[in-house]
*Asks:* 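Quick one: the structure is below, questions incoming.
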Amino acid sequence: MANGVTGLRGSLQRLLLLLLSGALCLTRCWTPLQPVVPCQAPQQWEGRTVLYDHNTGRNTRAVVSYDGPSQRIRVLEERKGLIPCKKFFEYIYLYKDAVLFQIEQVTKLCSKTVLSEPWDPYDIPDNSTYEDQYYIGGPGDQIMVQEWSDRKSARKLENWVGVYTVKDCYPVQETYTKNYSVTTSTRFFDLKLGISDPSVFTPPSTCQTAQPRKMRDEC
């Protein structure tokens, strides 16, 4: 009987030691989840975009060269079929010089206007709000992305929502809103790192006699 009591006491002591060690590990071994921070988007890339204007219902497809360090963007509108009385342009945005060049693709007529909008890079600002993380696609063909916005706790709505890949931080889509309505959505695809031809940011010679007003895209 004494042996049984002794054995029971030993088992209880061992159990107590296990519980104490487990509680100690909970206080020392547990670390809180790390906060999600924005990834660093590529500084230079080439690719294609589709800009959808929610006010006009128009999609504009373009080839884009993006140079973040020099704050310049070149947009070459793509021709997708014959559109009667539609002009296609090349745009060169030089934010450091606050200048926008617009070149008509056929005639090479050029306009030079003041670029009043501030530089807004394709990236996730450090003060952005993390919204969600999810997969685009389906089983066997998926890409994980994160969704960020400029929403703050004191404001329910957001003016910007950006979706970027978790791997390599490529832009997937950016949406801007103004006055509580969506204004534009841009989708990005076929992106490649680097600038293969830096001369695309140099305006053609016709811009030496550029007109001081923006050209219309219709006849």
Side-chain angles (χ1 to χ4, degrees), residues 38-53 58-83 86-126 128 136-137 141-146 148 160-176 184-210 214-215 217:
C39 57
Q40 296 296 317
Q43 291 291 298
Q44 292 181 325
W45 51 261
E46 296 174 328
R48 299 170 61 204
T49 63
V50 176
L51 173 65
Y52 178 65
D53 189 321
R58 175 182 294 180
N59 280 302
T60 302
R61 298 179 177 271
V63 176
V64 176
S65 298
Y66 171 78
D67 185 0
S70 298
Q71 296 186 6
R72 54 187 185 176
I73 301 175
R74 183 254 195 168
V75 177
L76 181 66
E77 292 182 341
E78 289 187 300
R79 296 170 176 266
K80 293 294 182 180
L82 179 62
I83 304 177
K86 173 71 171 70
K87 297 179 181 179
F88 292 87
F89 295 98
E90 172 186 1
Y91 297 90
I92 301 176
Y93 297 82
L94 304 178
Y95 283 88
K96 286 187 175 181
D97 299 325
V99 172
L100 168 61
F101 290 98
Q102 179 192 25
I103 303 102
E104 206 276 317
Q105 292 187 23
V106 176
T107 64
K108 299 302 180 183
L109 288 175
C110 179
S111 73
K112 180 181 179 181
T113 55
V114 176
L115 192 57
S116 58
E117 297 85 1
W119 168 249
D120 185 11
Y122 289 127
D123 65 3
I124 307 171
D126 292 335
S128 298
I136 293 178
D141 190 10
Q142 297 175 326
I143 296 177
M144 180 175 286
V145 299
Q146 287 182 347
W148 296 80
W160 166 83
V161 176
V163 180
Y164 283 72
T165 62
V166 172
K167 183 180 182 296
D168 298 325
C169 203
Y170 286 115
V172 176
Q173 180 167 324
E174 287 200 348
T175 302
Y176 284 89
T184 60
S185 297
T186 304
R187 292 183 286 117
F188 303 83
F189 49 97
D190 292 343
L191 300 188
K192 297 179 181 179
L193 291 178
I195 304 295
S196 60
D197 183 11
S199 67
V200 297
F201 299 105
T202 302
S205 59
T206 54
C207 288
Q208 295 178 2
T209 56
K214 192 174 181 179
M215 292 178 281
D217 60 358

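Bear in mind that the values here come from a model prediction, so they are computed numbers and not experimental data.
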*Asks:* Measuring from Arg72:CZ to Lys96:NZ, what's the distance to the nearest 0.5 Å?
*Replies:*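 The distance works out to 9.0 Å.
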
*Asks:* Could you tell me if the side chain of Tyr52 sits less than 4.5 Å from the side chain of Thr60, heavy atoms only?
*Replies:*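 No. Closest side-chain heavy atoms not under 4.5 Å.
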
*Asks:* Name all residues meeting the side chain to side chain contact (heavy atoms under 4.5 Å, CB included) criterion together with Asp53; count only those two or more places apart in sequence or in a different chain, and write none if there are none.
*Replies:*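 Residues passing side chain to side chain contact (heavy atoms under 4.5 Å, CB included) with Asp53: Asn55, Thr56.
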
*Asks:* Rounded to the nearest 0.5 Å, what separation is found between the CG atom of Asp97 and the NZ atom of Lys112?
*Replies:*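 It is 8.5 Å, given to the nearest 0.5 Å.
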
*Asks:* How many angstroms lie between atom CZ of Arg58 and atom NZ of Lys86, to the nearest 0.5 angstrom?
*Replies:*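 With rounding to 0.5 Å, CZ (Arg58) is 5.5 Å from NZ (Lys86).
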
*Asks:* For Glu77, is there any backbone N or O sitting under 3.5 Å from a side-chain donor or acceptor partner on Gln105?
*Replies:*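 Confirmed, Gln105 side chain pairs with Glu77 backbone.
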
*Asks:* For the residue pair Trp119 and Tyr95, does the interplanar ring angle fall in the parallel (under 30°), tilted (30 to 60°) or perpendicular (over 60°) class?
*Replies:*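 Rings of Trp119 and Tyr95: perpendicular, over 60°.
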
*Asks:* Looking only at heavy atoms, what is the nearest atom pair of Tyr164 and Cys169, with distance?
*Replies:*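 Closest heavy-atom pair between Tyr164 and Cys169: CD2-O, 3.5 Å.
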
*Asks:* Find the distance between CG (Leu100) and OG1 (Thr113) and round it off to the nearest 0.5 Å.
*Replies:*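 Reported to 0.5 Å precision, the distance equals 4.0 Å.
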
*Asks:* Measuring only between side-chain heavy atoms, which start at C-beta, is Leu76 closer than 4.5 Å to Tyr91?
*Replies:*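 A side-chain contact is absent here, since even the closest heavy-atom pair is not under 4.5 Å.
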
*Asks:* Is there a donor in the side chain of Thr186 and an acceptor in the side chain of Glu174, or the other way round, less than 3.5 Å apart?
*Replies:*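 No donor-acceptor contact under 3.5 Å links the two side chains.
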
*Asks:* Just verifying a value: how many Å separate Ile103 CD1 and Phe89 CZ, rounded to the nearest 0.5 Å?
*Replies:*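 Output value for this atom pair is 10.0 Å.
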
*Asks:* Where is the tightest heavy-atom contact between Tyr66 and Pro42, given as atom of each residue plus distance?
*Replies:*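 Minimum heavy-atom separation between Tyr66 and Pro42: CE2-O, 3.9 Å.
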
*Asks:* Can you list the steps and then say if Asp67 with Tyr93 is a side chain to side chain donor-acceptor pair (under 3.5 Å)?
*Replies:* CA-CA 10 Å; Asp67 185 0; Tyr93 297 82; over 6 Å; no

*Asks:* Assess whether atom CG of Asp190 is packed by more than 12 heavy atoms of other residues, nucleotides or ligands within 6.0 Å.
*Replies:*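 Counting neighbours around CG of Asp190, more than 12 heavy atoms of other residues, nucleotides or ligands fall under 6.0 Å, so yes.
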
*Asks:* Identify the two heavy atoms, one from Pro69 and one from Gln44, that lie closest to each other, and give their separation to 0.1 Å.
*Replies:*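 Heavy-atom minimum between the residues: CD-CG, 4.0 Å.
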
*Asks:* Mind checking salt bridge (Lys or Arg N to Asp or Glu O under 4.0 Å) for Arg187 and listing every partner two or more places apart, or none if nothing turns up?
*Replies:*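 Testing Arg187 for salt bridge (Lys or Arg N to Asp or Glu O under 4.0 Å), a comparison that skips the adjacent residues, returns none.
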
*Asks:* Is a side-chain donor or acceptor of Thr49 paired with a backbone partner of Leu51 at a separation under 3.5 angstrom?
*Replies:*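 Looks like no, no N/O pair under 3.5 Å.
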
*Asks:* Sorted by first residue and then second, give each side chain to side chain donor-acceptor pair (under 3.5 Å) pair with at least one member in residues 193-208; sequence neighbours left out.
*Replies:*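 The answer is Glu46-Ser196, Asp197-Ser199.
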
*Asks:* Before accepting this row, confirm whether a basic side-chain N of the pair Arg74/Glu90 lies closer than 4.0 Å to the acidic partner's carboxylate O.
*Replies:*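 Between Glu90 and Arg74 there is a salt bridge, with a charged N closer than 4.0 Å to a carboxylate O.
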
*Asks:* Can you tell me how far SG of Cys39 sits from CD1 of Ile124, rounded to the nearest 0.5 angstrom?
*Replies:*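 So the CD1 of Ile124 and the SG of Cys39 are separated by 4.0 Å.
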
*Asks:* Between the side chains of Asp217 and Lys87, is the shortest nitrogen-to-carboxylate-oxygen separation below 4.0 Å, so that they form an ion pair?
*Replies:*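 So Lys87 does not pair with Asp217 through a salt bridge.
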
*Asks:* Step by step, work out the ring-ring contact (aromatic ring centres under 6.0 Å, His included) result for Tyr170 and Phe188.
*Replies:* CA-CA 9 Å; Tyr170 286 115; Phe188 303 83; over 10 Å; no

*Asks:* Take Val106 and Phe88, measure what side-chain contact (heavy atoms from CB on, under 4.5 Å) needs, and give me the verdict at the end.
*Replies:* CA-CA 8 Å; Val106 176; Phe88 292 87; over 6 Å; no

*Asks:* Which pair of heavy atoms, one from Val75 and one from Val64, lies closest together, and at what distance?
*Replies:*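 For Val75 and Val64, the tightest heavy-atom pair comes out as CG2-CG2, 4.3 Å.
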
*Asks:* Can you tell me if CD1 on Ile136 sees more than 12 non-hydrogen neighbours from other groups inside 6.0 Å?
*Replies:*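 Correct, the count exceeds 12.
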
*Asks:* Take Ser111 and Phe101, measure what side-chain contact (heavy atoms from CB on, under 4.5 Å) needs, and give me the verdict at the end.
*Replies:* CA-CA 6 Å; Ser111 73; Phe101 290 98; over 6 Å; no

*Asks:* Ignoring hydrogens, what is the shortest heavy-atom contact between Trp148 and Pro38? Give both atom names and the distance.
*Replies:*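 Smallest heavy-atom distance, with atoms named: CH2-N, 3.4 Å.
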
*Asks:* Flag the pair Trp160 / Asp120 as yes when at least one side-chain heavy-atom distance between them is below 4.5 Å, and no otherwise.
*Replies:*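 A side-chain contact under 4.5 Å is absent here.
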
